[in-house]
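Notes for the one structure printed next.
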Amino acid sequence: MRFTKGFFPTVKEVPADAVIASHQLMIRAGLMRPLGAGIYSFFPLGYAVMKKVMQIIREEMDAIGGQEFHLPALNPVELWEETDRVKAFGDIMFHLKNRALVLAPTHEEIITSIARNHIKSYKEMPQIWYQIQTKFRNEPRPKSGVLRGRQFTMKDAYSMDSTWDGLDVSYNAHAEAYRKIYTRCGLKFFIVGASSGAMGGSGSQEFMVESNAGEDTVALCDACSYAANVEVAASAIAKASRTENSKPVEEIHTPNIKSIDELSEFLKIQTSQCAKSLVYFCGETPVLIFMLGNDQMNEAKLQGVLGGDVRPAHPEELLALTGADAGSIGPIGLKAKMKIIADNRLEGANGLYSGANKNDYHVGNIDFNRDVAVESYHDLRIVEGGEPCPDCGKELRIVKGIEVGHIFKLGTKYSVSMKANFLDEKGAEQPIIMGSYGIGHYLGQNSRSVRCSSHLRQRQRGIGRKKVGRAVRCTMCEGSYGAV
RNA sequence: CGGGGCGUAGCUCAGCCCGGUUAGAGCGCUUGCCUUGGGCGCAAGAGGCCGCAGGUUCGAAUCCUGUCGCCCCGACCA
C-alpha cells in the first residue's frame, strides 16, 4: 500500500495530557490513541511496531523450545480462589458483575490447571509454554501513556520441570532469550536482582531499561554488571573510623542545634563523626536506629530487618520514649528501654557525637562498643550516587529504570496449592516445579517495549512522519536503530 | 483511596475572577483561485446545546451543588 494512503493520523501540537516524551511521540506520530484511562487503541503504525516486537519474541521463545498457547482472558473465579489470589490481587483484578468470572491479570492459575490435568509423568517435562495476550489489571492510577495501563499486551511464559536443576536450566534459558530479545529490539538493558514478592518462589530478576520516565530507582555500575533496586542496593562505602583509645563521654551544651549539619558546623567536626538517631515503630514495638552522619535510612531495608511494616514515631512518642525532641535524641540517657539497631557503618566506631536525650544538649566521645547496647548491625542506608560499587569498587550511578521484563523461579507454590503433581522415576508423587517469565510482567508489556523504542529513538526534533516510517522499518529490521 | 489541576470547535488554548447582544484565536478540515517539486500564498466556508444534571438569577460558558471523565503528585505495584 502507498504510504500516502495509509491511516497515520499525526498531530503537530503536543497532546495536553501526555507528559512523558514517548507518550507524546506515540500520539503525535499516530501510533495509538487513548480510549480511556490506561486503555489505548493501537493504530496501524503502532501495531506494526508491536507486531515486529512480537515476532522477535516468538522467534526467541521458540528457540528455547517454547510452545505458543492462546489462553482465555476470561477466567472462572474458582480457579483463582484455589491459590488465594483473589484476595491477593484484591481490587487490581477485574471482576465481572453478571457471572462468577474475572479478567485475568496473569496466567499462573490457568497454566497450572492445564498442567495438573495433562502432565502426569516426569517424562513429560520439561515444558515451556508461552502466550502473547491481553491482560487486565485495574490499576488505581494508570499513567505515562502505555507505560502503566489497565489493559495491555504481555508475553507470559511458564516452565514446568521435574527437578530443581531443571528449573535452573529453564530459568537460565529464559534469561538468555530475554537478553536476545531486548538486544534485537535495540534496547540497552540491565538486569537487577529482585524480590519475588507475592509471586512466591526462590528468586527473580528484572530486566530494566534506563529512562527518566521509569518508576524504579536503581543503583547501577557501568564498570561491572552490578545493578540493584535502591530498596536493596548496597555500596562498599567505608565504615566510621575507630581510634586507639576511647575518651570518656562528655555532655555538650548545643543550643538550638538539631540537624547533623548544624551539629558538625557548631562543633567543627565531620558529619561522619555524628550518629543520627531515628525512632521507628514496628507494630507496637519502638526501635531506636542509628545512622552515620547524614546517611539516609532505607525503610525497605528496615522493614526487611524488623520483619514487618514500619512507621516513624510521632513527636509525642519521641518525647515519651527518649525525653527529647527529634534532633536531640541519642543512645545515652534514654527515658525508656528500647530495642537498638544500627547501620553497619557504625559498627565498632568510637569518638562519635549524638543527641543527649535532653533538648539543646549532645553527647560526645561515644564508643558504640562501650556505650551503646546495639542489638545488631545491618545495612540500613540508602545508597547514593558516586559511592563505590560493592562488587568492583567503581562509582555507582543512581538511575531511573523501566521494568521491561521479569523472570521468577516460582518453585512449587502454585503446583502445591492447586495439586499439580506428577510421578517421578520412583513412582512417587511430586509437585511440578515451575517458573514464570513475563515481558514485562506486572509493570511491563509488549506495548511498553514499543514505548521504549519510541522513547530511545527520539531525537531533538521529535519524530516526524518520515522519521516514524523509518523508525518502524528499523524496528522491523531488528534494532538497526543507529541509522535513524 | 488522600492531595492538586482540568473538562469551551478535530487539536492546542483564550473568554470565566468583575454573570448580559449572533462564544473567539491559531492549526486542521472543505471549496475556489494562485502556485504547479514539498509542513506555500490568497479568498470564501463548514464545524461548538462551553462534559452532564440540578440550583441561584430577569439572564450563566461565566456563580453554587452534585455527578462523570481525564491528567499530575502520593499510597499501591504479585
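Just so you know, these numbers come straight off a predicted model, no measurement behind them. Chain A is the first sequence line, chain B the second, and so forth, proteins listed ahead of strands; every chain is numbered from 1.
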Please state the [atom1] separation for the pair [N] and [M] - nearest whole angstrom.
N     : M     : atom1 : answer
B:C18 : B:U22 : C1'   : 24 Å
B:C71 : B:C33 : P     : 45 Å
B:C13 : B:C64 : C1'   : 26 Å
B:G15 : B:C34 : C1'   : 36 Å
B:G45 : B:U12 : C1'   : 22 Å
B:C1  : B:G20 : P     : 38 Å
B:U56 : B:C73 : P     : 40 Å
B:A23 : B:G48 : C1'   : 9 Å

In the strands shown, is [N] matched to any nucleotide by a Watson-Crick or G-U wobble pair with both distances under 3.5 Å, and which?
N     : value
B:G2  : B:C73
B:A44 : B:U30
B:G66 : B:C52
B:A25 : B:U12

Please check if the distance between the ring centroids of A:Tyr158 and A:Trp129 is under 6.0 Å.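 Between A:Tyr158 and A:Trp129, the centre distance exceeds or equals 6.0 Å.
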First of A:Gly90 and A:Arg150 reached from the 5' end of RNA chain B, by closest nucleotide: A:Arg150
Starting at the 5' end of RNA chain B and moving along, which residue's nearest nucleotide shows up first, A:Leu35 or A:Lys87? A:Leu35
Whole Å only: how far is the [atom1] atom of [X] from the [atom2] atom of [N]?
X        : N     : atom1 : atom2 : value
A:Glu299 : B:A75 : CD    : C1'   : 13 Å
A:Arg148 : B:C76 : CZ    : C1'   : 7 Å
A:Phe89  : B:C76 : CZ    : C1'   : 13 Å
A:Ile27  : B:C11 : CD1   : P     : 11 Å
A:Glu139 : B:A75 : CD    : P     : 15 Å

How about NZ on A:Lys419, more than 12 heavy atoms from neighbouring residues, nucleotides or ligands closer than 6.0 Å, or not? no
Flag if over 12 foreign heavy atoms under 6.0 Å of CZ, A:Arg311: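 More than 12 heavy atoms, drawn from other residues, nucleotides or ligands, come within 6.0 Å of this atom.
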Output a table of nitrogen or oxygen pairs between the protein and nucleotides 71-73 of chain B separated by less than 3.5 Å.
residue: B:C72; atom: OP1; partner: A:Ser144; partner atom: N; Å: 3.4
residue: B:C73; atom: OP2; partner: A:Arg141; partner atom: NH1; Å: 2.9
residue: B:C73; atom: OP2; partner: A:Arg141; partner atom: NH2; Å: 2.7

N-O pairing of [X] and [Y] below 4.0 Å:
X        : Y        : answer
A:Arg397 : A:Glu210 : yes
A:Arg85  : A:Glu109 : yes
A:Lys301 : A:Asp379 : yes

Nearest heavy-atom pair of A:Leu79 and A:Met418: which atoms, and what distance?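 Shortest heavy-atom separation between A:Leu79 and A:Met418 comes out as CD1-CE, 3.8 Å.
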Go through the steps to decide whether A:Val102 and A:Val86 satisfy the test side-chain contact (heavy atoms from CB on, under 4.5 Å), and finish with yes or no. CA-CA 9 Å; A:Val102 296; A:Val86 175; 5.9 Å; no
